Visitor: 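Before I ask anything, let me first share the structure, which is written out below as structure tokens.
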Protein chains: 2
Amino acid sequence: MANEARPTLAAVAARAGVSSSTASLAFSGSGPVSAETKQRVLAAAAELDYAGPDPRARSLRRGRSGIIGVVIEDRLRDAFRDPIIIAMLDGLADEVGAIGASLLLITQGEETDGAVESAPVDAVVLFGCSTRVTVSVDVLRRRGIPVVAIEAERLDGVVAIDLDNRPASRLLASKLAELGHRAVAVVTLPLEATHRRGLVSLEHESAATGWVATERLAGVREVFPEAIVWSSAGSFIEEGVLAGRALLEHDAPTAIIAQSDLLAAGVIRAATELGIRVPDDLSVVGFDGVEVDGIELTTIRQPAVDRGRAAGRAVLDLLAGGSPADVGFHGEFVEGSTVGRARVWVH
Amino acid sequence: MANEARPTLAAVAARAGVSSSTASLAFSGSGPVSAETKQRVLAAAAELDYAGPDPRARSLRRGRSGIIGVVIEDRLRDAFRDPIIIAMLDGLADEVGAIGASLLLITQGEETDGAVESAPVDAVVLFGCSTRVTVSVDVLRRRGIPVVAIEAERLDGVVAIDLDNRPASRLLASKLAELGHRAVAVVTLPLEATHRRGLVSLEHESAATGWVATERLAGVREVFPEAIVWSSAGSFIEEGVLAGRALLEHDAPTAIIAQSDLLAAGVIRAATELGIRVPDDLSVVGFDGVEVDGIELTTIRQPAVDRGRAAGRAVLDLLAGGSPADVGFHGEFVEGSTVGRARVWVH
DNA sequence: ACCCTGGGTCGAATCGATTCGATCGAATCG
DNA sequence: CGATTCGATCGAATCGATTCGACCCAGGGT
């Protein structure tokens, strides 16, 4: 360790015998610099072991950090277990990658509160966040940081990348109704931030904060106002299994509407465990259109990568000073082999 | 839009009638400030709609950004498809969350080269990266940014969080050998950065850059020097299916060693498609110990979350000026129901 | 009564680069 | 050949906070 301090651009400039402005130009390339000078600067940098302009200083001066915050409410382990999230993230990363930006994962929990407020982000994308993040959004707005939301409740000054959750769910429900199903149960995504698992009473239902879950449930309610509701603690197969076991031992529904394909797969596993055949004895539908367990699930396929992309484009537009409009996507019905005519249960 | 510019700490201080140093202390709490002064500063901030100290400026001055870079070689969609990666990431996030740090996802591809170099990170964790990132690591070292590697080749000045890939794979192979298997094929994780899919010749094998794949393969080679090798293009079920189809039509192996559970699940699907029974006609083993398709796979379970945690602790230690040692983890053999005695094929 | 301690506050330096305007010589244009 | 760009470079201001050292004053110890 010869030199105590790390070299700065100024040191490099001095060594190359130029001003630091010129040295800066030599690195960033945003201005005319003679080839010879540039060489000299680069050589000096090499001699001093200078690794290029400090990103922190650069981002202060430029007012841009090249970082897009991604706010997720769950633990990573939970959120990323569902491929649909990954797909959206991938589309987003792809699009913002065009300006060389990277994604900063911010998990908004009870403990890690101010994380969003204190991160050097150029923009923020909310992923399935409940109203709890409203406070943080306010801080971002005051800072002039653009906010885009996927799967989140409409918020003022936030660009929404939506899906027709309600009509799509309604469609699934009505297909089941047409086939004679009446005793229907719903397995929802977490309805509350606490991720409480179990049967949900109507009171609890109306106090729900999970936006997507609420929307999809509302769609089903339009067809089956009386449907039994079980809230999962997350979108995983195991949660679907737990839900399936509970519901199938409970009231013998002829159809179960799961709010994600992972949950649906879990329900089917539970049914299989209990010797209940799908779709003969029980119809199951999912949501998302991801492949799980190799099952041909009847579901709604949502264009997840495109939604991520749309969010990315909105971010780019916002960053460029534009004011993009909300984007609405459509979930497409996919006919699988997990739905049949309602079976009359013999009691 | 009344005020053109966004308020700064100095403006707040002026309005509160204190110096900016005092205002700073009022916000950061790192120094004695009378309760009354603090109130006044906060009130002034509220009036001016000031959202708190600018993270960019703060990170320049403090020399810390609170961001840990996570370098991934694949596309997000690819890397995150494997739950094992998610688990490691979760452990890491958990641990570094203790100092309020968040994770920055950096995908190191051909196009997005300088991303690692130009991100304001305090430390970097390499996730299953090949030697290609050596250049970037060098830049980081010159900047004095700590680097920790999970599933990556040993690099000088980089703390490694290892797994006994080779002996664990060897163990799996020897179990198969004991059961009489001789015609064995291996489905590897991508052996090259190009992610070329297909049979691998010995020459290609020796030119491989994928560290984990190479290690695990070496373990198998100690038992089955002649094993046929198929390189997948990624750790997904579909890749396993492709590999399975190709291998099972090719040479009728009695056992297939997959380098991940997802690949193993795919191989089993392919076998099922072809009417080959597992484990009666074909034995299949995986690696990682994640649940897929509800199969009871014979595999090696690695403590993924703990590895992530260990990486996180190493980062914290490094950031605190310590010099943590490499950490080695052990993969545990899990007896499933996908392995049986070698079947003699009738030609 | 005097010295010392420390809470509370301020001024100024600093973090490390980017960028705006000015300068100067050489090349281009009419 | 004079006027005018244009290319190359430099100096100085700036981005927005944090922090170090100094200062003042009140209370406690002897």
Side-chain angles (χ1 to χ4, degrees), chain A residues 3-41 44-45 48-66 117-122 142-145, chain B residues 3-41 44-45 48-66 117-122 142-145:
Chain A
N3 295 15
E4 188 60 60
R6 230 161 283 291
T8 69
L9 181 61
V12 172
R15 183 171 184 107
V18 299
S19 73
S20 59
S21 10
T22 304
S24 172
L25 260 23
F27 275 103
S28 70
S30 55
V33 181
S34 76
E36 189 220 352
T37 307
K38 186 166 179 179
Q39 277 309 325
R40 208 136 39 82
V41 172
L48 292 177
D49 225 32
Y50 178 71
D54 183 325
R56 280 181 280 253
R58 187 214 290 277
S59 70
L60 169 58
R61 181 62 237 233
R62 291 235 248 236
R64 284 280 167 86
S65 62
E117 286 95 343
S118 63
V121 293
D122 292 343
R142 294 202 322 242
R143 283 228 182 87
I145 295 178
Chain B
N3 295 13
E4 188 61 57
R6 231 160 281 292
T8 70
L9 181 61
V12 172
R15 184 173 185 106
V18 299
S19 73
S20 59
S21 10
T22 303
S24 172
L25 294 179
F27 276 102
S28 70
S30 55
V33 181
S34 76
E36 190 219 351
T37 307
K38 187 167 180 177
Q39 278 309 325
R40 210 137 37 85
V41 172
L48 291 178
D49 226 32
Y50 178 70
D54 182 325
R56 280 182 281 253
R58 186 213 289 278
S59 69
L60 169 58
R61 181 64 237 232
R62 292 234 249 233
R64 284 282 166 86
S65 61
E117 286 96 341
S118 63
V121 292
D122 292 342
R142 289 192 339 233
R143 283 228 184 88
I145 295 177

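Just so you know, these numbers come straight off a predicted model, no measurement behind them. Just so we're on the same page: letters track the sequence lines, and every chain starts at 1. Worth knowing before you read on, the calculation uses all heavy atoms, side chains too, and leaves out hydrogens, waters and symmetry mates.
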Visitor: Return yes if some donor-acceptor pair links the side-chain N/O of B/R56 with the main-chain N/O of A/P120 below 3.5 Å, else return no.
Guide: no
Visitor: Which heavy-atom pair separates A/S20 from A/A10 by the least distance, and what is that distance?
Guide: CB-CA, 4.3 Å
Visitor: Of all residues at least two apart in sequence or in a different chain, which pass the side-chain hydrogen bond (donor to acceptor under 3.5 Å, both in side chains) check with A/T8?
Guide: none
Visitor: Does B/R6 reach the main-chain N or O of A/R142 with its side chain, forming a donor-acceptor pair under 3.5 Å?
Guide: yes
Visitor: Checking all strands, does B/P32 fall into the base, sugar-phosphate, or nothing category for heavy-atom contacts under 4.0 angstrom?
Guide: base
Visitor: Using Watson-Crick and G-U wobble pairs with both distances under 3.5 Å, what is the 5'-to-3' dot-bracket string of DNA chain C, with [ ] for crossing pairs and | for pairs outside the strand?
Guide: ||||||||||||||||||||||||||||||
Visitor: Regarding A/S34, tell me which of base, sugar-phosphate or nothing describes its non-hydrogen contacts under 4.0 Å with the strands shown.
Guide: sugar-phosphate
Visitor: Need two values: the first and the last nucleotide of DNA chain C, 5' to 3', having an atom under 4.0 Å from any heavy-atom of chain A.
Guide: C/dG16 to C/dT19
Visitor: How do B/R40 and B/L60 order along DNA chain C: which one's closest nucleotide is nearer the 5' end?
Guide: B/R40
Visitor: Select from B/S21 and A/G17 the residue whose nearest nucleotide in DNA chain D is closer to the 5' end of that strand.
Guide: A/G17
Visitor: Of A/V33, A/L9, A/L25, A/V18, which meets side-chain contact (heavy atoms from CB on, under 4.5 Å) against A/V41?
Guide: A/V18
Visitor: Would you classify B/T37 as touching base, sugar-phosphate or nothing, given that sugar-phosphate means primed atoms plus P, OP1 and OP2, and contacts are heavy atoms under 4.0 Å?
Guide: sugar-phosphate
Visitor: Starting from the 5' end of DNA chain C, give me the residue, B/E36 or A/D54, whose nearest nucleotide shows up first.
Guide: B/E36
Visitor: Between A/F27 and A/G52, which heavy-atom pair has the shortest distance, and what is it?
Guide: CE2-CA, 4.4 Å
Visitor: Once you apply a heavy-atom cut-off of 4.0 Å, does B/T8 come out as touching a base, just sugar-phosphate, or nothing?
Guide: sugar-phosphate
Visitor: Minimum heavy-atom separation for B/T22 to B/T37, with atom names?
Guide: CG2-CG2, 3.8 Å
Visitor: B/P55 versus A/R143: any side-chain heavy-atom pair under 4.5 Å?
Guide: yes
